[in-house]
Amino acid sequence: MFKLIREETAVEDAVSNQHQWPVKFTATYTEDDEPAFIFVMQASPLPDVFADSLSCIASAIQMTDLPVTTPGEGSPFYRLAEVTKLCRSAKAATEFITKVTEAVQDLADNLQSADTLSVTEETIIEPTPP
């Protein structure tokens, strides 16, 4: 359903001699390699001061309800197919990678469950024999 591509993560020098580990993910659909807009972003209330931030991996409902690439009217949330998070340590980068991977797996499982529920099913229930 989804292909999650993580680019190589290597330490970079940041401002004030601190280090950062940038973790970059790109999501595509496995069927056609088209972008999969699964990363929910929250637009910064102060765009000149702070960058937009990753809020979560989209839910099944958010995959249809939230706009792509820019916030919609009345909501600061939107979806992207690519995200980069600057982590403060290698451990934090590893934890972030694990959380994203697990959340994308949950999304795939939930979408599969939604597909299963979208078909009509008939079950005959009879009394249990004594």
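Heavy atoms of other residues, nucleotides or ligands lying less than 6.0 angstrom from CG of Leu46 number more than 12. Within a 6.0 Å sphere centred on CD of Glu8, other residues, nucleotides and ligands contribute 12 heavy atoms or fewer.
With hydrogens and angles ignored, the 3.5 Å screen pairs no side-chain donor or acceptor of Arg6 with any backbone N or O of Val23. In terms of modelled atom types and a separation under 3.5 Å, the side chain of Ser75 and the main chain of Pro71 share no donor-acceptor contact. Judged purely by atom type and a 3.5 angstrom limit, Thr84 has no side-chain atom pairing as donor or acceptor with the backbone of Lys24.
Between Leu66 and Phe37, every side-chain heavy-atom pair lies at or beyond the 4.5 Å cut-off.
In this structure, CD1 on Ile5 lies 4.5 Å from OG1 on Thr28, to the nearest 0.5 angstrom. Summarising the geometry, atom NZ belonging to Lys3 is positioned 11.5 Å from atom CD belonging to Glu34; distances are rounded to the nearest 0.5 Å. For the atom pair OH (Tyr78) and OG (Ser55), the distance works out to 11.0 Å, reported to the nearest 0.5 Å. The structure places CD1 of Ile38 at 9.0 Å from CZ of Phe25, a figure rounded to the nearest 0.5 Å. Glu31 CD to Met1 CE: the interatomic distance, rounded to the nearest 0.5 Å, is 7.0 Å. Atom-to-atom distance recorded for Glu82:CD and Thr69:OG1 is 13.0 Å, nearest 0.5 angstrom.
Met63 is not connected to Phe77 by any chain of hydrophobic side-chain contacts under 4.5 Å among Ile, Leu, Val, Met, Phe, Trp and Tyr, and they are in different clusters. Taken together through direct or relayed side-chain contacts under 4.5 Å among Ile, Leu, Val, Met, Phe, Trp and Tyr, Phe39 and Phe96 form part of one hydrophobic cluster. Under the 4.5 Å side-chain heavy-atom criterion for grouping Ile, Leu, Val, Met, Phe, Trp and Tyr, Phe2 is not connected to Val40 through any hydrophobic cluster.
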If you look only at distance, which donor and acceptor atoms sit under 3.5 Å apart when one is on a side chain in residues 102-114 and the other is two or more places apart or in another chain?
residue, atom, partner, partner atom, Å
Gln105, NE2, Asp109, OD1, 2.9
Asn110, ND2, Asp106, O, 3.1
Ser113, OG, Asp109, O, 3.1

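With respect to Cys56, the side-chain contact (heavy atoms from CB on, under 4.5 Å) criterion is satisfied by exactly one of Lys99, Met41, Gln62, Gln42: Gln62.
A pairwise comparison of heavy atoms in Ala43 and Asp52 identifies CA-OD1, 3.2 Å as the closest pair. Shortest non-hydrogen contact noted between Tyr29 and Pro35 is CE1-O, 3.3 Å.
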Problem set entry | Check against side-chain contact (heavy atoms from CB on, under 4.5 Å), Thr94 and Trp21 | CA-CA 10 Å; Thr94 302; Trp21 284 257; over 6 Å; no
